[in-house]
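The residues of the chain are indexed from 1 along the displayed sequence.
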Amino acid sequence: MTRSNPNTGQKRSSPEPDDSSLHGKSIKPGQDGSSSKSKNIYVVEQKTPNKQRKPTPVVSGSTHNEQQYSNSCSSTPSVNRSGHVHGHTNFGSTEKEVVAERKKEARLAASRTVETDKITDAVIPRSLEVAQMAKQIATAVSGSLEEHIQDKLLNSGSNTDQTPFLYITSHVATSLDEKRMYPAIESLLAFISVAINQAHEQITKATDTSFSQPLPRSLATPNQFDRKPAGADSNHRIDMALNTKHVPSAIVDENSKQDSQRPDYSDMLAVLEAKGSVDKQDDAYAQLIEYSRNIYPHQHNRRFVWGLTVCKNALRICILQNDALVASPPIDLKSAEGRLALVRWCTNVSLCDEDQLGYDSTIYFNDAKRRWEIKVFDDASAEEDTFKVFEILTCMRVAERVFGRHTRCFRCREIDDSDNSSTLSEDLSRLTLEEICELGNVLVKDAWAHTDRDAEDGSSRDEIALLNDINKALGDKTELSGRFPTVLAAGVVRQQGSDGQLHLDTVDDVLAVAKQELPADKVHQRVHKRIAMTPIGKNLREVQCVDELIIAAADAMEVHSAISRECQILHRDISSNNILIRRSNDTGRVNGILIDYDCALRIGNDNEPDRTCRPDMTGTLPYMSIGNLSQSSVARTALDDWESIIYVLCWLGTFGVNYGDEVLHQVEEDAKRGTPHIYSWRTGTSINIAEAKRNDMNSQSNFRSRIANRFIKKPDYAHLKKLVIALRNKLIDNPNVSDLAKGSLYIDDDESTYEPAADIEEKYLDSKCDKDECDQFVRRASCADLIANDLLDVMIQARNEAVSRLNKTNK
């Protein structure tokens, strides 16, 4: 249903480079009718499920393929082994390597921390009346705290047995004992929390009745320290966790059967890391970044994360937003002024809107109708702030990194106010995952997109604008129906504030108080966007055989060519994740769907700068073109995407087109065949990978011996081998281009074999290129559309042959 808003104004993992792993568990409630207790959206568990919260999950089982998929896609961040350049996925790394990579990334990010004293103001309540009350409460709590400290110091001196927090507020040693710091911090926060509740009660009794309502939430810290939290995907231990509990409702489920004293990522507001010395501040930042990553897969409506570090007596309050850790300067807990700053922050946390804590008010549990709902604003509507509401059935992809786009995907069904069906626990618990999938055919994609890479007028890098153009241009082409996303609603997310206003969900809004002090090269502007679209496909590795893979890949590249030709849009991220399959219920045949236009941009528009020529690494490492990896100044063309599809097919040919064949690869590798050369496509720097690909692709003999001959030894893989060789030959050694346009190695101008000819015959596709140009990539780019047509012909012929083989098999 479309409606207008009344208020205007994240051992060995699979080598497959897959960033769409399925795991996570409960989702936290927001506003707009949200429940006061945690309810679970069904997701496929990647590891052993944690103890469940009430009510029970939507469903407890999954199909064999879905479970196998979840077990094989252990996604981890990596710079040198990553799926995307900024590191979504790990390929074939051991657990030890994964942990080492995470630590390295965290330390790098810690070294780029941005400090501003304004960051603590991000939780000041939006309502002026509530903000004024917060000031009154903070003043009263600070007075009580200072009086308590002075009283204890007078009566007990330096004895901290009865008042543990004196250890961090009054101790002046060179360094502190971390183990003693934990109870000290816990007791300080507990004192402040209780005092806030008391002061709030006293002030509300003495003021206008409009404030006669419970405190929205209070702070709590599980009193088990230095423990592995529930939901952790490694053996790391955090020092402390900070939670919030509602009074009388709760973000934390008070009736949970879980050990309420153990830290739990599904309930966590913030990770707190403590160090005994101020010299270990960078270590504290790095651990904060490394551990906070686990919050996102378990809180599907978490937009950003808070964090705290205490190094000796110095507190820093942090926001981990999409591109950087933003921290306050050190707050001295030995001084009354520093303790007042902590009290003010804790008070504001207790009174502010939930979206200021990082939660999403547009993903909420509808208690009356017993279902999870998500709003998708429709910016294309003529009416302002119009949105559609969808019921969430499953979470298909979780956000799993501290930094980046935080892309999530939900399987949904569209609903309206007259739809009172309840599909939460009672109904869905009786269904298999396949049956649940039949209920919802809408995918809602949620992500934080860069805006400083977009044009002002409709945005060259705006996925929503690009998809709208694709839908407009190709919507009537029945032969391409179902091969690209059809948009149902799309727009920027708005958060509903207690001030009665809708706030565009942007980094600027989240960090509004500190916007002027943040360096643009570290804290980028991003906008929270959401797209509802159909159809929904399955992972490419759900194909049953090589022929189905060939059909899906050909379908995807056929629509890729149409989009490039009809819309002048270049996809730029062809990968195994971005080609899905959909199987017909009637015929059982698969077709391919090309998805994810995050990296796409417009080409050939005279009104916009030629951004294809700018060095810009985008894509998925094993599949990125040589020019892309080397950040070449050669214009990006459709040939880069065709190069990527060759790498996708080679990767799957080596490691298995589906999960059953992946086992064959492991058997063959264990049989001492040696490490496949293709591993060099995902390790080392981007320049290392580019050099490896140059050598592998330069000649047909290299390509055969190093890559194609290492495909799984199974009869139908011969068809895939034939296809990739044909594609490589058309791309690198196309018979219709001159010798100067062939090959992939660097060309030395002094080599006589590559001296420019006096004239390039007109019969060659690159004849219009400068005759002195000896860079084969430049020459091929000059006739990219013509070579792309040759490549498409090869792909369609392979698809026709695959269809014919399947038809014979099915007779």
Side-chain angles (χ1 to χ4, degrees), residues 460-461 557 560-574 599-606 608-619 623-648 686-687 689-691 693-699 703 727-749 754 756-757 759-795:
S460 293
R461 288 287 296 274
M557 294 312 294
H560 172 279
S561 297
I563 291 170
S564 177
R565 181 180 62 253
E566 303 289 338
C567 310
Q568 289 75 53
I569 293 172
L570 192 60
H571 189 278
R572 302 203 313 163
D573 190 14
I574 300 297
C599 296
L601 58 74
R602 302 181 196 278
I603 55 177
N605 188 338
D606 294 335
E608 293 187 0
D610 186 2
R611 304 172 77 178
T612 60
C613 292
R614 185 183 65 186
D616 183 17
M617 285 183 65
T618 56
Y623 312 141
M624 286 167 65
S625 69
I626 294 169
N628 191 7
L629 286 163
S630 57
Q631 294 185 275
S632 168
S633 60
V634 179
R636 292 281 294 276
T637 69
L639 298 188
D640 289 271
D641 287 353
W642 277 101
E643 189 177 338
S644 292
I645 193 63
I646 295 174
Y647 298 146
V648 170
S686 60
I687 298 300
I689 298 173
E691 288 304 304
K693 289 183 175 180
R694 282 184 186 274
N695 284 285
D696 293 340
M697 296 288 283
N698 185 59
S699 69
F703 185 72
L727 289 171
R728 180 259 162 217
N729 291 345
K730 285 292 185 183
L731 176 64
I732 304 297
D733 292 330
N734 193 299
N736 297 317
V737 300
S738 69
D739 288 345
L740 289 178
K742 296 179 180 179
S744 56
L745 292 178
Y746 290 110
I747 295 178
D748 188 340
D749 292 339
Y754 287 102
D759 293 294
I760 300 295
E761 295 182 37
E762 289 187 6
K763 68 177 182 179
Y764 292 125
L765 300 179
D766 60 316
S767 61
K768 294 182 180 180
C769 191
D770 188 334
K771 67 178 183 178
D772 294 324
E773 179 59 66
C774 59
D775 186 328
Q776 57 278 70
F777 289 93
V778 174
R779 301 196 71 87
R780 289 198 290 266
S782 72
C783 52
D785 291 344
L786 299 174
I787 296 177
N789 289 337
D790 287 349
L791 289 161
L792 182 60
D793 289 343
V794 171
M795 203 65 145

Practice prompt. Please name the pair of heavy atoms, one in R636 and one in L570, separated by the smallest distance, quoted to 0.1 Å.
Written response: O-CD2, 3.7 Å
Fill in: For the student: nearest non-hydrogen atoms of L765 and I787, plus distance
CD1-CG1, 4.1 Å
Worksheet entry | Heavy-atom check, side chain of L792 versus side chain of W642, under 4.5 Å | yes
Worksheet entry | CG on L727 to CD1 on I645, rounded to 0.5 Å | 8.5 Å
Discussion item. Among residues at least two apart in sequence or on other chains, which ones pass ring-ring contact (aromatic ring centres under 6.0 Å, His included) with F703?
Written reply: none
Worksheet item: Under the 3.5 angstrom rule, does the side chain of R694 hit a backbone N or O of S744 as a donor-acceptor pair?
Response: yes
Discussion item. Strictly distance-based, threshold 3.5 Å: is any side-chain N or O of S767 a donor or acceptor partner for the main-chain N or O of K763?
Written reply: no
Practice prompt. Give the minimum heavy-atom separation between I646 and L731, together with the two atoms involved.
Written response: CD1-CD2, 3.9 Å
Fill in: Backbone N/O of H560 and side chain of S564: donor-acceptor pair under 3.5 Å
no
Discussion item. Using every non-hydrogen atom in the two residues, find where A781 and A635 come nearest and quote the distance to one decimal.
Written reply: CB-O, 4.4 Å
Worksheet item: Any donor-acceptor pair under 3.5 Å linking the side chain of D641 with the backbone of R572?
Response: yes
Worksheet item: Residues in side-chain hydrogen bond (donor to acceptor under 3.5 Å, both in side chains) with H571, at least two apart?
Response: none
Fill in: Heavy atoms from other residues, nucleotides or ligands near CG of D793 exceed 12 (cutoff 6.0 Å)
yes
Practice prompt. List in chain and number order the residues that pass salt bridge (charged side-chain N to carboxylate O under 4.0 Å, His left out) with D733, two or more places apart in sequence or in another chain; answer none if no residue qualifies.
Written response: R728
Worksheet item: What pairs with D770 under side-chain contact (heavy atoms from CB on, under 4.5 Å), at least two apart in sequence or on another chain?
Response: D772, E773
Worksheet item: What residues form a side-chain contact (heavy atoms from CB on, under 4.5 Å) with A741, not counting sequence neighbours?
Response: V737, S738, D766, R779, R780
Fill in: For D696, all residues meeting side-chain contact (heavy atoms from CB on, under 4.5 Å), sequence neighbours excluded
H677, S680, W681, R706, I707
Worksheet item: In Å, rounded to the nearest 0.5 Å, how long is the span from OG of S625 to CD1 of I574?
Response: 11.5 Å
Worksheet, complete the sentence: Rounded to the nearest 0.5 angstrom, the CD-OG distance for Q631 and S686 is 6.0 Å
Worksheet item: Nearest 0.5 Å, what's the CG-OH distance between N734 and Y764?
Response: 11.0 Å
Worksheet item: Considering all heavy atoms of both residues, which atom of Q776 and which atom of L745 are nearest to each other, and what is their separation?
Response: NE2-O, 2.7 Å
Worksheet, complete the sentence: Heavy atoms of K742 and P735 approach each other most closely as NZ-CA, 4.4 Å
Worksheet entry | Distance in Å, I687 CD1 paired with I626 CD1, rounded so as to fall on 0.5 Å steps | 11.5 Å
Practice prompt. First locate atom NZ of K730, then atom CG of L639, and finally report the distance between them rounded to the nearest 0.5 Å.
Written response: 13.0 Å
